[in-house]
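Have a look at the structure below, then the notes.
Letters A, B, ... mirror the listed sequences (proteins, then strands); counts begin at 1. For the numbers below, each heavy atom of this structure counts, side chains included, while hydrogens, waters and symmetry mates do not.
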Amino acid sequence: MAVQPDSGGKDDVKTQFVTREGTYRLMTLSEYSRPNRVGYTSGSGSSHVRVSLVSLPPGPGGGPPGSDGQGSDDRICFNHGKELYVYVYRGVKKAADLTKPVDKKMYKGTNPTCHDFNTVTMTADSVSLVIGFSTGQIQLIDPIKKELSKLYNEERLIDKTRVTCIKWVPGSSNLFITAHASGQLYVYNEELTCGTTAPHYQLFKQGDGYSIHTCRTKSTRNPLYRWVIGAEGSCINEFAFSPCGTNLAVASQDGFLRVFHYDTMELIGRARSYFGGFLCVCWSPDGKYVVVGGEDDLVTVWCFSERKVVARGQGHRSWVSVVAFDPYVVSFTDPESDEGVEDDRQKSESVQCYRLGSVSQDTQLCLWDLTEDVLRPPVRARASAHLSPNSQTFSPNGVPGMKVPAKGTKSNKIGHKHAELSGQNNPSGESSGAKQPAKTKVNNVSTLNISVGKAKEESSGSLGVNSLTQRLAGFSFGDRRSEHRRNFSLSKPAEQKSSASNTVALRGKSAGATTNDSFDPLKLIGTASCPRFDECPVLEPLVCKKVAHERLTALLFRSEYFVTACADGCVNTWARPARSLNGESRPLRRFEKIDLVD
Amino acid sequence: MSICQDLGLNFQQRMGANISQLERDIGSEQFPPNEHYFGLVNFGNTCYSNSVLQALYFCRPFREKVLEYKAKNKRTKETLLTCLADLFYSIATQKKKVGSIAPKKFIARLRKEKEEFDNYMQQDAHEFLNFLINHINEIILAERNQSTLKLQKNTSGENVTCNGTVPQSAEPTWVHEIFQGTLTSETRCLNCETVSSKDEHFFDLQVDVGQNTSITHCLKCFSDTETLCNDNKFKCDNCSSYQEAQKRMRVKKLPLILALHLKRFKYMEQYNRHIKVSHRVVFPLELRLFNTSDDAVNPDRLYDLVAVVVHCGSGPNRGHYISIVKSHGFWLLFDDDMVDKIDASAIEDFYGLTSDIQKSSETGYILFYQSRDASC
Ligand SMILES: [Zn+2]
């Protein structure tokens, strides 16, 4: 039986790692935890240690009051078990001082689960922090001034289930949103009360698989809105506003990512996990992509403009708990240096490569380069695929006239296996090609794309001969999947194609009851919401490192460092590579906020 | 219960939990019609059997076939299958909705059938499952051959020798149809580069467990390329000699019910015995396979978790087995004669431990995933 030696979790925890931009180092003195940390404790059960960071505006006298005069404007908040801590965060420059927390709280009978600072109302000596709890309540405090403390859903009349995510509405001084394990999302105004009775709701808006309600009362009270999302009682695991604040992405346990226009409350897009729940979600800094991570161990990249899953990242050994783009590592196209680029590609500057980070229950951090050629395949390849899908000489890699044996002939098969079997020396150690492109599944292909299916076959034949240009080290296609996707994308412009070609999908036993057919994963497989595994490019991580003893639960990127946290309550800071060592590489620039034009 | 009591268990709290509590937890209106939740009495370390039987009872396609067998086969002679059918029938036809049943006849028959189980020791639940599935399948095949023989005798009046190639035997049994999948192993000779492939059937997949991994990852590792060298060389037909080779096993036919055995008992030479590996291995409620072969028929078959046999304790011959099952949308915990409704979020208590400090653990041991396209 093919088995791997048991890694046993004893392999070393890395304290530094190298990428093309240089070496990232764990700052051991910048470790934040509870003040009297008693060694290494195993976190059994769920311990969702989350981290919130805020940079306060500088005070009038330089160093803000409340700090120790060492002049840091940053505050860090994290929860662990029944406790919540707020410290002055001194980044990578100075060691953490755990003896003097700005604030600490210990709760009885409930655990804090999530929190968020309000960046609109904050001043040098004041900041609002909302905290959600495992029993459904919400607290608002000012950890610096300490005079503020309000409770919402105190009697649990609004929702009794765990608060899974809490965030201030972008740009708002008083509105915040909570998501709950019950599958509901509530909009609160911190200035309003919650009333002494359970709210009576009236339907405000309804759409495919969701409904929005308001409170039916004379005086305005909390919650302002209740969003009921997805299958009944399926936990909302995380939500995220687009950088422009217009759109809201919601990741749910029912395996769906739903993207709403927040103000109009319209569902504008969705994706389905390959299997299992989606646990985390984030937006690319320009709002063009949404990335979700989940129980399929994958990171899934969804393109906003095309409303489709454009890539999947495979590298984690367990569920993906946090995804986050690093807005400080972005490569832009440089028309001159981009050799071998198709003529018809846009010359204007655009993002060439996004940097994505993810952490998982596998205790590993993965960094991914999402390159333009994967996310937006070159136009020419599409065009040629479109023009000559049946041509025997068609070659997606631009080698003209090369005869490609049809797949299924003996020699080709062996060649392919050879290529795959010897592909095990890739950097991540993951099998480079778990699957080769599926052969045409006749019963799943509609007349519309039979020809495309053929093109697919042929392109797979060129396998062992051509290797794709890999612009960036450590990056590769799982197979030659991108080609197939390019071909495939032609006849699958949108999700709508599903019904025609997927009616073969076998009936689900529960279909028809309460479940909406359009959310049936057996029908969605093979559509833009959930491509088959071999129809979508599979990315491998740029780096994949074990960075903790325990499950990782937080990841935040800042200009000089990034922060991770794990279930044992350890919050770590990693310094970015020194800039001077990096002179020869492409300029790294902070991504400017680009409002989405839709 | 007292015999296979375990060190770190919380389940004693539920001792004496009365039956009506379960009905109250489910609610009389929500209680599914024609469904019965009956615990199984422990006859002294028979929890390995009880836990597996409950899991199988809630694999609906299996239960239905067993009950169908019971309806079709008028008693001829007692076999383990007739005992199982009687037990399932007895649960399914109870007047009360909840309670407990003593699987006396089944256990007695089991002890007659297999020497290893004829004692009061704790047994390995997976060994039992393996034995039970294979044994039932053999019974069905034997009965089929017998009836074929009879039929042929009657029609032709000649004696037909049963040589095992009777065409009917090649037809899959309902046990095959439910549990059998196919693995294809591809081997590439490193000398002549020839790739040969061979198919083999399985009733369950046995996967190694890694710390802080998912069952998805364990299955991927199962299909990792392995190099055959040294004493384990591959006999290449092309080279007509033993050669170094690379081998990989992937799933070609995905079964209706995918049973996954987590290999949690590792033989440790330094202790001269098996040690429990309590690693935390998460298993999602929904699963697809990444390790399918290129010619797999239905590579994106979607599975739902329907039952988990859980091992509680510190070693293979000590501790206790329980099972959690999904029925009509909610989860139940069967601990011998006791049945409790549990929240789906409680399943994470059975993933395992992230540190090796604790000796005892309650961990998923056999996972039953049922294909969503299974009609039932
Ligand atoms: Zn050979």
Side-chain angles (χ1 to χ4, degrees), chain A residues 1-10 40-46 181 235 255 273-277 295-297 314 316-319 360-363 413-414 416-418 420-422 424 430-431 434-439 505-509 521-522 525-526 532-534 549-551 567, chain B residues 60 185-186 188 193-195 197 206-214 216-217 220-226 246-250 263 266 277 279-282 284-288 290-296 299-300 302-303 329 345 348-349 353-358 371-376:
Chain A
M1 214 105 309
V3 289
Q4 248 193 358
D6 182 11
S7 60
K10 283 169 189 78
Y40 163 64
T41 51
S42 161
S44 61
S46 59
C235 180
S273 71
Y274 195 52
F275 57 84
E295 295 177 349
D296 49 13
D297 300 0
Q314 194 170 33
H316 281 297
R317 299 174 177 184
S318 185
W319 298 350
S360 154
Q361 300 208 1
D362 66 5
T363 72
K413 227 177 177 173
I414 289 164
H416 195 146
K417 274 175 187 151
H418 174 80
E420 280 191 55
L421 287 165
S422 56
Q424 59 179 1
E430 294 289 330
S431 160
K435 263 189 201 177
Q436 71 187 53
K439 63 177 185 182
L506 292 139
R507 281 296 101 73
K509 57 172 186 252
L522 295 184
I525 186 77
R532 289 176 206 281
F533 199 69
D534 52 9
H549 289 288
E550 264 287 350
R551 288 161 278 159
Chain B
R60 291 297 296 265
S185 83
E186 297 149 307
R188 183 170 67 98
E193 306 274 307
T194 305
V195 178
S197 65
Q206 299 162 38
V207 297
D208 284 274
V209 293
Q211 180 58 287
N212 289 314
T213 60
S214 65
T216 310
H217 180 75
K220 278 182 72 198
C221 292
F222 175 87
S223 290
D224 274 349
T225 304
E226 175 193 25
Q246 284 181 323
K247 186 184 166 187
R248 178 171 60 169
M249 309 251 287
R250 294 185 297 171
K263 290 158 78 176
K266 277 254 149 71
V277 183
H279 291 338
R280 188 173 194 272
V281 178
V282 297
L285 298 183
E286 219 178 60
L287 187 72
R288 279 190 164 113
F290 288 119
N291 60 329
T292 53
S293 69
D294 310 329
D295 54 350
D300 39 41
L302 184 65
Y303 288 97
S345 63
E348 72 178 272
D349 298 343
L353 305 175
T354 56
S355 82
D356 305 326
I357 298 163
Q358 279 167 278
S371 174
R372 193 168 296 181
D373 53 42
S375 56
C376 64

Whether B:S214 side chain and A:R317 backbone form a donor-acceptor pair below 3.5 Å: yes
Considering only heavy atoms from C-beta outward, does the side chain of A:D296 approach that of B:R288 to under 4.5 Å? no
Please report the shortest heavy-atom distance between A:H549 and B:N212, naming the atom on each side. O-ND2, 4.0 Å
Note: A:G276 and B:E286 closest approach over all heavy atoms is N-OE1, 2.8 Å
How long is the straight-line distance from OG1 of B:T213 back to CH2 of A:W319, given to the nearest 0.5 Å? 11.5 Å
Are side-chain heavy atoms of A:S318 and B:R280 found at a separation under 4.5 Å? no
Heavy atoms of B:H217 and A:D297 approach each other most closely as N-OD2, 3.9 Å
Specify the closest pair of heavy atoms between A:Q361 and B:V282, including all atoms of both residues, with the distance to one decimal. OE1-CG1, 3.5 Å
Quick one: ring-ring contact (aromatic ring centres under 6.0 Å, His included) partners of A:F275, sequence neighbours excluded? B:F290
What is the minimum heavy-atom distance between A:E295 and B:T216, and which atoms define it? O-OG1, 4.5 Å
By side chain to side chain donor-acceptor pair (under 3.5 Å) - contacts of A:D362 (at least two apart): A:H316, A:S360, A:Q364
